[in-house]
There are 2 protein chains.
Amino acid sequence: MGIQERKGREKEQRREGILQAAERVFFEKGLQAATMDEIAEVAELSKGTLYLYYKSKEDLYLAVMLRGMSILTDMCRQTVAHGSSPIETIVRLLDTYYEFFNKHRQYFRMFYFFNNPTLHTQVTDEMRAHCNQHNQRIWSVVIDVFVKGIEEGMLRSDLSPVELGIILWFSIHAMLMRIDNESEQWKENMGIDLVDLREKQAALLLDAVATPEARKRYPHLFKIAQPTIAS
Amino acid sequence: MGIQERKGREKEQRREGILQAAERVFFEKGLQAATMDEIAEVAELSKGTLYLYYKSKEDLYLAVMLRGMSILTDMCRQTVAHGSSPIETIVRLLDTYYEFFNKHRQYFRMFYFFNNPTLHTQVTDEMRAHCNQHNQRIWSVVIDVFVKGIEEGMLRSDLSPVELGIILWFSIHAMLMRIDNESEQWKENMGIDLVDLREKQAALLLDAVATPEARKRYPHLFKIAQPTIAS
DNA sequence: CATAATAACTGACCGTTAGTCATTTATTAG
DNA sequence: CTAATAAATGACTAACGGTCAGTTATTATG
C-alpha cells in the first residue's frame, strides 16, 4: 500500500508550504514583528497546525534560515568547483560571500540570529543540531581550499588551514554586517564608504595570508601595494 | 530657592536608581527575558514610573549599554594616555578591548543589540542620537592613534587612518563575539581554541598594517613570522 | 495653618501574541 | 457502514509592554 508514502509526501508538502509562508512573512517583518497568526493566514492554515510541524516560532525561523545556508553552501561549492588555483578560489570565495550578501540579503540577515544567544530561548536541540550540521558543511567547503593553498605553498603555514579560514571569513562577515547596518552612519560621520572598504579589507587580508610565491605567481590578484616593498 | 536644583538632583537619583535596577535585571536575563515588571520591583517603584524616566524598555536597555560604552572609552583613553608609540598603543588597544570583553562581558553582550536592527522598533531618536555620539567618541580615541601611526611612518599609508582603524576594530570585535558565543563548538567540532586564535589574528593584522620601519623599530611587538621572509 | 496648584507616582487595565488543547473534521481500515 | 486513526482547528491562557485616570506627596499662596 502506497498510502504511507503518499501521506509522507503530503506531510512534506505541508512542511514546505508552511516554510514558504514563513519565509514571506519573516522576510517582510523580521523575527520579532512577524506573528504566527500572520504566517498561518498566509499558509492558509490555522495557527495550531503550524505547531504540528514546527515546535516554535524560532524553530520555524531557523528552518527558513537553513535554506539560506544551503544556498550559500551551493554558491561556495560552485565557486570552488570552477576555481583553478586555491589562491584564486579564496579570492573568489570572498566575492561569493559578497554576492550572496547582495542577492540574498534577507537570508544573510537571518544569520544575525546567532549573534544573540540571549534570544535563543525556544530553539529545540534538534534544530540546533541541524544548524550545526549545515554550518560544518559550509566550513568544510571553505577549509578544503585553505588546505590545498597551504599544500601548494601559496598560503602561510604558521597557521592551520582552519585558523586561516576563520580569520578571513569572520572578518569578511563582520564587514558585510556593518555594511548592512551602518553604511549611512559611516558615510555621514566619517565620509567612509564601507563597500569600498570591503574590497580593500579583502585585499589586505589576502596579502596577509599569502606567501611571496603566491604574489609572484598570481600578481593580478594582489591589488594592494605590499608595505614591505615601500621603504 | 534651591528647590529646583534639589528636585533636579532627586530626579537624577531616580533615573540612576532605575538604571541600576535595570542593569541587574538585564545582566541576569538579557533584553528579551527581562521584564519591566521585574525591573520595577527591583527598583522599588511601579512600572508606570519607569516610563516617566525612560520611554521604552529598549531605551532603558540602551541607557545601560551606554554605561558600558563609557567604560570602554575610558579604558581606551587610559591605554592611549599611557602608551609610548602609536604602534605599541595599537597593540595595547587590541588587548584593551579583550580586557574589556573579559571584565565586562555583560556590557560587551549589550553591544550585540546593534547587530540586529530589526529589533530596534522602540528606540527613540533621542536615544539613537546618544548612542551615535558615544560611538563617535570612542572611535575618535582609536583613530587618533592611527593618524599618528601613519604620520610617523609606522603604518601603511595607502589606507586612511579611519580605514585602518575600522578594519582592525571590526575584525577584533567579530572574533570576541565568536569567542563569546561559539567557543565550545569550535573546540568540539574543529579542535580550535578561539582565544588562542584571537592573539594570532591580532598579530597577523598588526603585521598587515605596519610598515617595515615599524617592524625594525619595535621587533618585540611582531610575534608572527613575516611570510615575506620565508621564501 | 489652610488651601490651591503642581509634580510625582501608582497599578489596574488594554492590546497583542506565542503557545496549548479539547473538539471537530477528514481519512483509512475492517 | 462503522470504528479507529490522523489531521486540523480556533477559542483560550498566560505573559508582557505600554497607558492613563486617579491617588499621594510636595510646594506655593493668602
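Every chain is numbered from 1 and lettered A, B, ... according to where its sequence line falls, protein lines coming before strand lines. Side-chain atoms are counted along with the backbone in the values below, which use heavy atoms only and exclude waters and symmetry mates. Remember, it's a predicted structure, so these values are computed and weren't measured experimentally.
Note on A:Tyr53: only backbone sugar-phosphate atoms sit closer than 4.0 angstrom, heavy atoms only; bases stay farther off.
Atom P of nucleotide C:dA26 and atom CG of A:Leu52 are separated by 16 Å, given to the nearest angstrom. For the pair A:Lys29 NZ and C:dT16 P, the interatomic distance rounds to 13 Å; values are reported in whole Å.
Nearest heavy-atom pair, A:Phe146 versus A:Leu168, reported as atom, atom and distance to 0.1 Å: CZ-CD2, 4.0 Å. What you find for A:Ala40 and A:Leu50 is that their closest heavy atoms are N-CD1, 3.8 Å.
Geometric assessment of A:Arg105 against the ring of A:Tyr107 yields a negative cation-pi assignment under the 6.0 Å and 45° thresholds. Cation-pi contact between B:Arg178 and A:Phe170: present, with separation from the ring centre below 6.0 Å and deviation from the ring axis of at most 45°. Geometrically, A:Arg24 does not engage A:Phe26 in a cation-pi contact, judged by NZ or CZ lying under 6.0 Å from the ring centre and within 45° of the ring axis.
The pair A:Arg67-A:Glu16 counts as a salt bridge, with a side-chain nitrogen and a carboxylate oxygen less than 4.0 angstrom apart.
Comparing C:dT10, D:dG10, C:dA8 by their nearest atom to the side chain of A:Ser46 picks out D:dG10.
Between A:His173 and A:Tyr112, the distance separating the two ring centers is not shorter than 6.0 angstrom.
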Exercise. side-chain hydrogen bond (donor to acceptor under 3.5 Å, both in side chains) between A:Asn132 and B:Asn189: does it pass, once the steps are laid out?
Worked result: CA-CA 9 Å; A:Asn132 228 306; B:Asn189 298 341; 3.0 Å; yes
Problem set entry | Residues A:Glu88, A:Arg92; criterion salt bridge (Lys or Arg N to Asp or Glu O under 4.0 Å); working and verdict | CA-CA 6 Å; A:Glu88 192 205 324; A:Arg92 299 249 166 116; 2.6 Å; yes
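A donor-acceptor contact under 3.5 angstrom links the side chains of A:Thr118 and A:Asn116, judged on distance only.
Of the residues in residues 60-68 of chain B, none lies under 4.0 Å from DNA chain C by heavy-atom distance. Sorted by residue number, the list of members of residues 38-45 of chain B with any non-hydrogen atom under 4.0 Å from DNA chain D is empty.
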N/O to N/O distances under 3.5 Å, protein versus nucleotides 17-20 of chain C:
{"residue": "C:dA18", "atom": "OP1", "partner": "A:Ala34", "partner atom": "O", "Å": "3.1"}
{"residue": "C:dA18", "atom": "OP1", "partner": "A:Lys57", "partner atom": "NZ", "Å": "2.8"}
{"residue": "C:dA18", "atom": "OP2", "partner": "A:Met36", "partner atom": "N", "Å": "2.9"}
{"residue": "C:dA18", "atom": "N7", "partner": "A:Lys47", "partner atom": "NZ", "Å": "3.1"}
{"residue": "C:dG19", "atom": "OP1", "partner": "A:Gln122", "partner atom": "NE2", "Å": "2.9"}
{"residue": "C:dG19", "atom": "OP2", "partner": "A:Tyr51", "partner atom": "OH", "Å": "2.8"}
{"residue": "C:dG19", "atom": "OP2", "partner": "A:Lys57", "partner atom": "N", "Å": "2.9"}
{"residue": "C:dG19", "atom": "N7", "partner": "A:Lys47", "partner atom": "NZ", "Å": "3.0"}
{"residue": "C:dG19", "atom": "O6", "partner": "A:Lys47", "partner atom": "NZ", "Å": "2.8"}

